[in-house]
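Some notes on the structure that comes next.
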Protein chains: 2
Amino acid sequence: MTAEKKAATLGAADASPDQDWPGGTFKKYASSVDVARVAGVSQSQVSRTFSGSSKVSESTRKKVLEAAERLDYRPSLIPRIMLTHKSNLVAIVVGGLYNPFYSTVLEEFMIRFQAAGHQVLLLHIPNDHALDDVIPKLASYRVDAIVSALAILSPAGAATLAKLKIPVIAFNTAVNNEWVTSVSSENFEAGRQIADLFIARGARSFGFISGPSTSPASARRREGYEERLRERGAGPPTVARGDYRYEGGFAAALSMFSGPSRPDALFCANDLLAIGAIDALRERLVLRVPDDVLVAGFDDIPAASWASVGLTTFTPDAAAMVDETISIVLSAANGKPLATKPVVVSAKLIERGTTNRDLRS
Amino acid sequence: MTAEKKAATLGAADASPDQDWPGGTFKKYASSVDVARVAGVSQSQVSRTFSGSSKVSESTRKKVLEAAERLDYRPSLIPRIMLTHKSNLVAIVVGGLYNPFYSTVLEEFMIRFQAAGHQVLLLHIPNDHALDDVIPKLASYRVDAIVSALAILSPAGAATLAKLKIPVIAFNTAVNNEWVTSVSSENFEAGRQIADLFIARGARSFGFISGPSTSPASARRREGYEERLRERGAGPPTVARGDYRYEGGFAAALSMFSGPSRPDALFCANDLLAIGAIDALRERLVLRVPDDVLVAGFDDIPAASWASVGLTTFTPDAAAMVDETISIVLSAANGKPLATKPVVVSAKLIERGTTNRDLRS
DNA sequence: TTGTATGCGTTATCAG
DNA sequence: CTGATAACGCATACAA
C-alpha cells in the first residue's frame with residue numbers, strides 16, 4: 001500500500017518534482033529514487049553515477065545525467081553523514097571579529113578548509129561563559145573538529161569543550177588537555193624582545209597596556225616584557241588595562257599619562273590598543289611618537305603598516321599557524337588521535353616609525 | 001541474525017560506547033537506541049524525552065536521562081534534516097573580510113542567526129567566477145537560505161544562484177530575480193549628498209576613486225555624485241580606479257595627483273580607499289586634508305572615527321540592513337515565498353575632520 | 001503512557 | 001555492470 005501510494009505520488013512528481021501542489025504540498029528536492037524512475041534504472045545506479053567511484057555503463061550514465069538535469073537533482077550529503085559518521089563539517093568558534101587579525105585569520109581558514117573539502121560552521125561566542133550555549137549545537141551537527149579562534153579561552157572553557165570528545169584546536173591560546181590542542185604564537189619571547197628594543201632606542205621608563213584580564217596571551221607578553229626589563233635593570237612598567245580595542249587603548253593611555261609616572265616607552269598587548277594609545281598621545285596629550293614616547297603593539301594588522309600609523313609590532317606567522325591548525329584538523333578528522341603537544345610559532349618583530357624616527361614616512 | 005549481531009555489539013558498547021576497541025573500531029557517538037537499551041525502555045521514549053513535546057512518565061524520563069548522561073548521548077540533528085527537509089542551516093557567502101565593514105556585518109549576522117536558532121555555514125568566494133565551485137556544497141547541505149555578503153555579485157552570478165531554488169538574499173548589492181532578493185543601502189543619493197557637501201565646503205574641482213569596475217555599489221555612488229555635480233554646474237570629476245583596499249586608494253590618489261588635474265575634493269567608493277588616499281596625500285604629496293583637499297568615504301568602518309583619521313563618510317544603517325535580511329531569511333526558511341521587492345536602506349552622512357577643519361580633533 | 005513499525009536519502013554489500 | 005536490500009539515527013503514526 002505504501003509502495004502504491006508512493007508510486008502515485010511520484011507519478012505526478014515526474015513532470016514537476018519540485019513545484020507547488022494544489023494542496024500546497026511542496027517537494028523541494030528530487031531524490032535519487034526520483035531520478036532513477038525517470039531514467040528507468042535502479043536507484044543504485046544513480047548513486048554510483050554521482051559518487052563516481054564505481055563503474056557505470058556509458059548508456060546508463062547518460063540516462064541518469066539527463067534525468068538528473070531535468071529534475072534539478074543534487075545529491076544530499078545528509079544521509080552520508082549518518083552512514084559514515086563524518087560530516088566534513090569543521091566548526092570555527094570566534095569571538096571578536098572586530099579585530100582585523102581574527103577576521104583575516106578566519107578568511108584564511110575558510111579558504112583552506114574549502115580547498116580541503118571541508119565546510120565551515122561558524123559560531124560566535126561573546127564571552128567564555130556563553131560557551132555552554134553552543135556546545136549542544138556542536139555535538140548535534142556532528143562536526144569533525146572545532147577550531148577555537150577566541151581571544152580568550154579559559155582552561156575551564158577548554159575543559160567544557162573537551163567533554164564533547166571532539167578534537168579541538170585552540171588557535172592563539174595555549175590551553176591543552178586530552179581533547180584540546182593549541183597552536184599559538186610565541187608571546188613571552190616577544191615581550192622580552194620589545195623590552196630590548198625600547199632600551200636600545202633610549203627609553204628609561206616603561207608602560208604596558210594589557211588586554212582583558214583573562215587573556216593569557218596578554219599576560220604572557222607582559223611577563224616576558226617585565227622579566228627582560230628587570231634583567232636589564234629597568235624599573236617595572238606602569239600598567240593599565242585595556243580590552244583589545246582602539247577605544248580601550250585610547251582611554252588607558254589617557255589615564256596612564258594623566259598619572260604621576262609618564263613612561264617614555266609603551267608596549268600594548270595588541271595593535272588596536274597601540275593605535276588607540278598613539279592617537280590619545282598625539283591628538284589629546286600633544287606628545288610626539290616616537291620622539292616623546294615609543295609605542296609598539298602586537299598582531300601586525302593592516303592598519304599597522306598604514307603610512308599614517310607605521311606601528312612597530314610583531315607579525316605572528318599567521319600562515320604557519322593556519323597551516324599547523326589545518327593539518328591537525330585534517331588528521332583528526334581522519335580519525336587519528338590528536339598529537340597533544342602544543343605548537344608554538346614564533347612572531348617576528350617589525351620595527352616601524354613608532355619606535356624609530358628614521359623609519360617615519 | 002542481524003538483530004543478534006547488533007545485540008552482541010551493543011552488549012559490549014553498554015559499558016563504554018565511545019571508546020577504542022581492541023580491533024581499533026571506534027564508536028564515537030551513542031545513539032538513542034543505545035540509550036534506550038541502557039535505560040531499559042524503547043527508543044521512542046528516548047526520542048520523546050529529548051524532543052520534550054510528548055509526555056513521558058517521570059520515572060521513564062529519569063531513567064532515560066541517567067542513561068544518556070552515562071553514555072554522553074547527544075541527539076543528532078542529521079536525521080531530523082532528512083525527515084523535515086529543513087537543516088536550520090543558513091549559508092553566508094563572503095568575499096573580502098579584509099574590509100571591516102563586512103567582518104562586522106558577518107559578526108552581527110552570526111549573533112542574530114544563532115539567537116534565532118539557525119546555524120551559519122560560511123563560504124568564501126574570492127571572485128564572482130568561483131561561485132560555481134560552492135554551488136554544489138550549498139545544495140548538498142540543504143541550506144535553508146543563502147546570504148550573499150559579497151562586495152561584488154553580478155547578475156550572472158545571481159542567476160547561477162537562482163538555479164538552486166534556494167532563497168538568496170543579496171546583501172549590499174542590488175541584484176534581484178525570482179530567487180534573489182536584495183537588501184542594500186542607498187548609494188545614488190549618497191553620491192548626490194557628498195557632492196553638495198563638497199561644494200558647500202568650497203570645493204571647485206572634484207575627484208572620485210572607484211571600487212573594482214564590477215562593483216555596482218561603486219558605480220551607483222559615482223553616478224549620484226556626477227549627476228549632482230552636473231546639476232550644480234561643476235565639471236565632471238577626475239576618476240581613478242581602486243579596488244576597495246587601502247593600497248588601492250593610496251596608489252590611485254598618487255596617480256591622480258600626479259596628473260594635470262588636481263581636484264580639491266575627493267570622494268572614494270569606500271573608507272579603506274579614502275584612508276589610503278588621505279595617507280598618500282598627507283604623507284607623500286604633502287598636501288593637507290582638509291585644507292588642500294576634502295576627502296570622504298563610505299561605510300563608516302571603525303578606523304573612520306579614529307582620532308587620527310576623522311573621516312567624513314556614510315554610515316549604512318547596518319543594523320537595519322541586518323534586521324531586514326534576517327527577517328527575510330526567517331520567513332523564507334519557514335517556507336514562505338520571497339517578497340521580491342528589493343529593500344533599500346538609507347545611509348547617513350557623518351561629517352568629520354576630512355571635510356571640515358573645525359571638526360579636526 | 002508505552003512500544004512497534006515505518007520512512008527520510010544515501011552508501012555499501014551481496015547476488016545475479 | 002546491475003539491481004535488491006540492509007543499515008545509519010531519529011521522529012511519528014498507530015496500536016496496545
Side-chain angles (χ1 to χ4, degrees), chain A residues 1-6 9-10 13 17 27-37 39-64 68 71 73-88 139-142, chain B residues 1-7 9-10 13 17-18 27-37 39-64 68 71 73-88 139-142:
Chain A
M1 194 162 72
T2 299
E4 217 89 274
K5 185 184 167 194
K6 184 163 186 181
T9 301
L10 289 162
K27 189 159 191 307
K28 184 148 189 176
Y29 296 102
S31 74
S32 57
V33 176
D34 300 335
V35 175
R37 184 183 351 275
V41 300
S42 74
Q43 180 271 336
S44 310
Q45 293 299 74
V46 177
S47 172
R48 287 175 181 127
T49 302
F50 280 92
S51 65
S53 57
S54 308
K55 37 229 144 220
V56 178
S57 76
E58 200 44 50
S59 71
T60 304
R61 178 186 190 69
K62 189 178 298 180
K63 281 189 288 186
V64 168
L71 301 188
Y73 169 70
R74 321 262 173 181
S76 169
L77 276 182
I78 310 299
R80 188 215 298 272
I81 300 176
M82 286 182 56
L83 269 343
T84 63
H85 291 281
K86 279 200 47 185
S87 60
N88 265 11
S140 298
Y141 278 96
R142 298 299 192 246
Chain B
M1 192 164 71
T2 299
E4 216 89 273
K5 185 183 168 196
K6 185 160 183 181
T9 301
L10 290 163
D18 41 12
K27 189 156 190 307
K28 187 148 185 176
Y29 295 102
S31 74
S32 57
V33 176
D34 300 335
V35 175
R37 185 180 354 271
V41 301
S42 74
Q43 179 269 331
S44 322
Q45 293 299 75
V46 177
S47 172
R48 287 172 183 133
T49 303
F50 280 91
S51 65
S53 57
S54 306
K55 47 241 140 198
V56 178
S57 76
E58 200 44 51
S59 71
T60 304
R61 175 184 192 70
K62 187 178 298 179
K63 280 189 288 185
V64 168
L71 302 187
Y73 170 68
R74 322 260 172 181
S76 169
L77 275 182
I78 310 300
R80 187 215 297 270
I81 299 176
M82 287 182 54
L83 270 344
T84 63
H85 290 281
K86 279 201 47 185
S87 60
N88 264 11
S140 296
Y141 278 95
R142 300 296 193 247

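The figures that follow rest on heavy atoms only: side chains count, while hydrogens, waters and symmetry mates do not. Labels below follow one simple rule: chain letters A, B, ... track the order of the sequence lines, proteins then strands, and each chain is numbered from 1.
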Worksheet item: Can you tell me if the side-chain N/O atoms of A/S32 get under 4.0 Å from OP1 or OP2 in C/dT10?
Response: yes
Discussion item. So B/T60, base contact, sugar-phosphate only, or nothing? Heavy-atom distance under 4.0 Å.
Written reply: sugar-phosphate
Worksheet item: For DNA chain C, whose closest nucleotide is more 5', that of B/R61 or that of B/R142?
Response: B/R61
Worksheet entry | Within-4.5 Å side-chain heavy-atom neighbours: A/Q45 and A/S42 | yes
Response to the item:
B/L83 CG to D/dC10 P, in whole Å, measures 11 Å
Fill in: Gap between atoms CE and P, on B/M82 and D/dT12 respectively (whole Å)
14 Å
Worksheet entry | d(CD, A/Q43; P, C/dC14) in whole Å | 18 Å
Response to the item:
Taken to the nearest whole Å, CD1/B/I78 to P/D/dA11 is 12 Å
Fill in: Dot-bracket line, read 5' to 3' along DNA chain C, where crossing pairs take [ ] and | marks a partner on another strand, Watson-Crick or G-U under 3.5 Å
|.||||||||||||||
Discussion item. Just N and O in the side chain of B/Y141: are any of them under 4.0 Å from OP1 or OP2 of C/dG9?
Written reply: no
Discussion item. A side-chain contact here means heavy atoms from C-beta on lying under 4.5 Å apart; do B/V64 and B/Y73 qualify?
Written reply: no
Worksheet item: Among residues 44-51 of chain A, which residues get a heavy atom nearer than 4.0 Å to DNA chain D?
Response: A/S44, A/Q45, A/R48
Worksheet item: Hey, is the side chain of B/Y29 poking within less than 4.0 Å of OP1 or OP2 on D/dC10, counting only N and O atoms?
Response: no
Discussion item. In whole Å, I'd like the distance from the CZ atom of B/R74 to the P atom of D/dG9.
Written reply: 17 Å
